[in-house]
Amino acid sequence: MTSAVFDADAPVKPRIVLGVGGGIAAYKACEVLRRLTESGHSVRVVPTEGALKFVGAATFEALSGQVVSADPFDDVHEVPHVKLGQNADLVVVAPATANLIAKAAHGLADDLLTNTLLTARCPVLLVPAMHTEMWEHPATRHNVALLRSRGVVVAEPASGRLTGKDTGKGRLPDPAEIVELARLLLARPDALPRSLEGVHVAISAGGTREPLDPVRFLGNRSSGKQGYALARVAAQRGARVTLVAGNTADLTTPAGVDLVRIGSAVELRDAMHEVAADADVVVMAAAVADFRPLSLTGHKIKKTDAEPDPIALAKNPDILRELVAARRDGQLVVGFAAETGDETTSVLDYGRAKLRRKGCDLLVLNAVGDGKAFEQDDNAGWLLSADGDETVIPHGSKAQLASTMWDAVADRLPRSQ
Ligand code: CTP
């Protein structure tokens with residue numbers, strides 16, 4: 001077993017303190033821990049006494065390879081109640097109970113975790129999990145607002161099944177989502193300001209499927225990961241988010257996001273017009289099929305000895321252009337473009353031409369081909385603006401790209417938002 005303060009080889013790895021509060025969701029902290037260690041982080045788990053009633057210290061020690069204690073009087077010679085916070089690159093608390101949030105808001109320090117929260121100068125991410133009544137209680141609302149005003153990131157909880165048979169807001173977000181937020185804050189500590197509070201954003205994601213017969217369709221390789229990252233980051237910046245999703249990889253709906261499922265481009269168009277009518281920002285990140293089979297066969301097309309007929313295609317609507325044409329006063333419309341470039345035209349020039357053609361306010365331009373962007377976890381590109389601004393988006397996670405985009409959107413929103 002290694003030092004009470006940090007693993008000896010920790011300096012080469014990002015050091016994370018994973019605080020675990022005393023709620024039933026403490027068992028999900030094991031999955032958060034596993035994902036963080038597997039992705040190369042040094043993680044020191046600091047549970048509360050309550051958390052240890054749900055999950056034993058041995059589990060956290062085995063998964064982290066580091067000592068686990070809730071008590072500041074263990075290994076006092078190493079001064080862990082000060083050193084853990086001072087040396088951390090990030091503190092994540094998952095689950096953060098109403099009690100823990102209250103203590104953090106008021107600077108109480110009666111165990112190792114609350115001491116650590118007072119000494120940490122790195123980004124702090126609190127991920128709440130509690131019953132809806134507790135989350136909505138004025139005391140908790142006040143404590144959350146106080147913590148956020150100090151720059152602490154208090155994540156939006158998910159909605160769904162709670163401890164018993166009841167459902168509502170207050171569920172711990174999916175462990176994969178917590179890890180994504182943690183990694184985003186490590187890469188960019190200011191990535192989750194509350195800059196979209198009071199803003200309704202409509203985002204499309206994933207690929208459309210254009211049916212040919214009851215069992216076949218024309219589709220594309222979009223995983224939907226970028227659109228989901230946009231939705232996740234917007235919700236964590238305080239926006240009300242409606243995500244209109246076509247076919248995607250196996251992705252969990254981000255916490256705090258309303259999901260609408262669609263299949264074909266025509267269904268996507270109808271859904272986006274409906275949602276956009278009430279949205280302040282509209283983002284088309286979906287990969288829309290430009291064409292659909294002209295006719296839909298009501299039965300499965302059978303193979304015969306004869307050569308098959310070619311598939312006749314009809315043009316799909318250009319949804320982005322339609323949304324631009326229907327734009328409300330002050331509404332921002334954002335498009336995406338994935339370009340390869342060719343012998344005559346660069347990726348950037350194709351992007352500039354597309355921004356003009358589509359008429360949107362912002363265009364996120366990705367270079368694709370050679371395994372770039374599609375189905376990947378990382379992205380890079382440019383953010384082109386109708387006002388002439390061109391920003392390079394450095395290589396980074398799709399959540400980082402989302403943060404860059406939401407910064408540009410927040411800068412352009414009418415001041416009353
Ligand atoms: N888009 C759309 N409706 C379509 C096609 C695309 O709304 N029928 C949107 C996409 O969601 C994206 C943007 O338009 O925001 C650019 O998509 P892209 O496929 O690059 O544009 P196309 O107009 O199809 O241009 P290209 O000829 O380069 O494929």
Side-chain angles (χ1 to χ4, degrees), residues 201-211 217-231 234 242-248 260 262-277 279 281-294 313-327 331-369 372-375 379 381-386 393 398 401-402 404-406 408-409:
V201 306
I203 302 167
S204 70
T208 64
R209 286 180 162 182
E210 310 302 321
F217 56 82
L218 302 182
N220 59 62
R221 288 171 53 195
S222 169
S223 65
K225 286 180 179 176
Q226 183 60 70
Y228 273 59
L230 291 168
T242 309
L243 177 61
V244 181
N247 184 57
T248 63
V260 177
I262 56 90
S264 66
V266 169
E267 287 172 21
L268 176 60
R269 172 185 54 186
D270 293 348
M272 285 308 285
H273 278 295
E274 196 178 325
V275 181
V281 186
V282 179
V283 184
M284 279 297 297
V288 187
D290 288 325
F291 309 100
R292 65 179 181 277
L294 188 59
L313 297 175
K315 239 178 163 180
N316 268 332
D318 189 323
I319 305 168
L320 181 56
R321 285 179 72 163
E322 285 189 12
L323 290 166
V324 166
R327 177 169 39 190
Q331 186 179 60
L332 285 172
V333 182
V334 186
F336 267 70
E339 302 289 346
T340 60
D342 54 34
E343 318 72 50
T344 56
T345 311
S346 69
V347 170
L348 199 48
D349 281 338
Y350 271 130
R352 289 173 180 139
K354 193 162 281 181
L355 174 70
R356 284 194 297 276
R357 198 166 71 243
K358 301 277 184 178
C360 47
D361 301 287
L362 289 166
L363 187 86
V364 180
L365 173 63
N366 291 135
V368 292
K372 286 187 222 135
F374 278 113
E375 296 168 345
N379 242 346
W382 293 266
L383 187 63
L384 309 182
S385 162
I393 302 173
K398 293 189 172 183
L401 185 148
T404 307
M405 193 200 87
W406 290 123
V409 166

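Order of listing sets the numbers, starting from 1, for every ligand and every atom in it. In this chain, numbering begins with 1 at the start of the sequence shown.
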Counting distance only, does the side-chain N/O of Arg292 pair as donor-acceptor with the main-chain N or O of Lys315 below 3.5 Å? yes
I'd like to know if atom 19 (O) of ligand 1 has any protein heavy atom within a distance of less than 4.0 Å. no
As an exercise, identify every atom of ligand 1 less than 4.0 angstrom from a heavy atom of Gly335. 15 (O)
Would you compute the distance between atom CG of Leu363 and atom NZ of Lys358 and round it to the nearest 0.5 angstrom? 9.0 Å
Pairs of nitrogen or oxygen atoms closer than 3.5 Å, one from Ala285 and one from ligand 1: do any exist? no
Looking only at distance, does Ala337 have an N or O less than 3.5 Å from an N or O of ligand 1? no
Distance from atom 9 (C) of ligand 1 to nearest protein heavy atom, with residue and atom: Leu320 CB, 3.9 Å
Side chain, backbone, both or neither: Lys358 near ligand 1, heavy atoms under 4.0 Å: side chain
With a 4.0 Å cut-off on heavy atoms, is Ala265 touching ligand 1? no
Can you check whether Leu332's main-chain N or O pairs, donor with acceptor, with Asp361's side chain at less than 3.5 Å? no
Give me the residue, atom name and distance of the protein heavy atom closest to atom 26 (P) of ligand 1. Lys354 NZ, 3.6 Å
Does Ala285 offer a backbone N or O that forms a donor-acceptor pair with the side chain of Ser204 under 3.5 Å? yes
Side chain or backbone, does Ala338 bring an N or O within less than 3.5 Å of an N or O on ligand 1? no
Taking only non-hydrogen atoms of Ala286 and a 4.0 Å limit, the atoms of ligand 1 in range are 10 (C), 11 (O)
What do you reckon, does Ala287 have a nitrogen or oxygen under 3.5 Å from a nitrogen or oxygen of ligand 1? no
Considering all heavy atoms of both residues, which atom of Thr404 and which atom of Leu383 are nearest to each other, and what is their separation? O-CD2, 4.2 Å
Can you tell me how far the CD atom of Glu210 sits from the CG atom of Leu294, to the nearest 0.5 Å? 12.5 Å
Atom 13 (C) of ligand 1: which protein heavy atom is closest, and how many Å away? Phe336 O, 3.0 Å
Look only at the side chain of Asn316 and the backbone of Val288, and say whether a donor-acceptor pair between them is shorter than 3.5 Å. no
Just need the protein heavy atom nearest to atom 5 (C) of ligand 1, so name the residue and atom and give the distance. Asp290 OD1, 3.4 Å
For Ala276, is there any backbone N or O sitting under 3.5 Å from a side-chain donor or acceptor partner on Gln331? yes
With respect to Pro317, determine whether any N or O atom, backbone or side chain, lies less than 3.5 Å from an N or O atom of ligand 1. yes
Looking at ligand 1, would Arg357 count as a contact under a 4.0 Å heavy-atom criterion? yes
When rounded to the nearest 0.5 Å, the distance separating CG of Asn366 from CD of Glu339 is 10.0 Å
Check the surroundings of atom CD in Glu322: do more than 12 heavy atoms from other residues, nucleotides or ligands lie under 6.0 Å from it? yes
Return the OG1 to OH distance between Thr340 and Tyr350, rounded to the nearest 0.5 Å. 7.5 Å
Which residue holds the protein heavy atom closest to atom 15 (O) of ligand 1, what is that atom called, and what is the gap in Å? Met284 O, 2.7 Å
Give me the residue, atom name and distance of the protein heavy atom closest to atom 3 (N) of ligand 1. Ile319 N, 3.1 Å
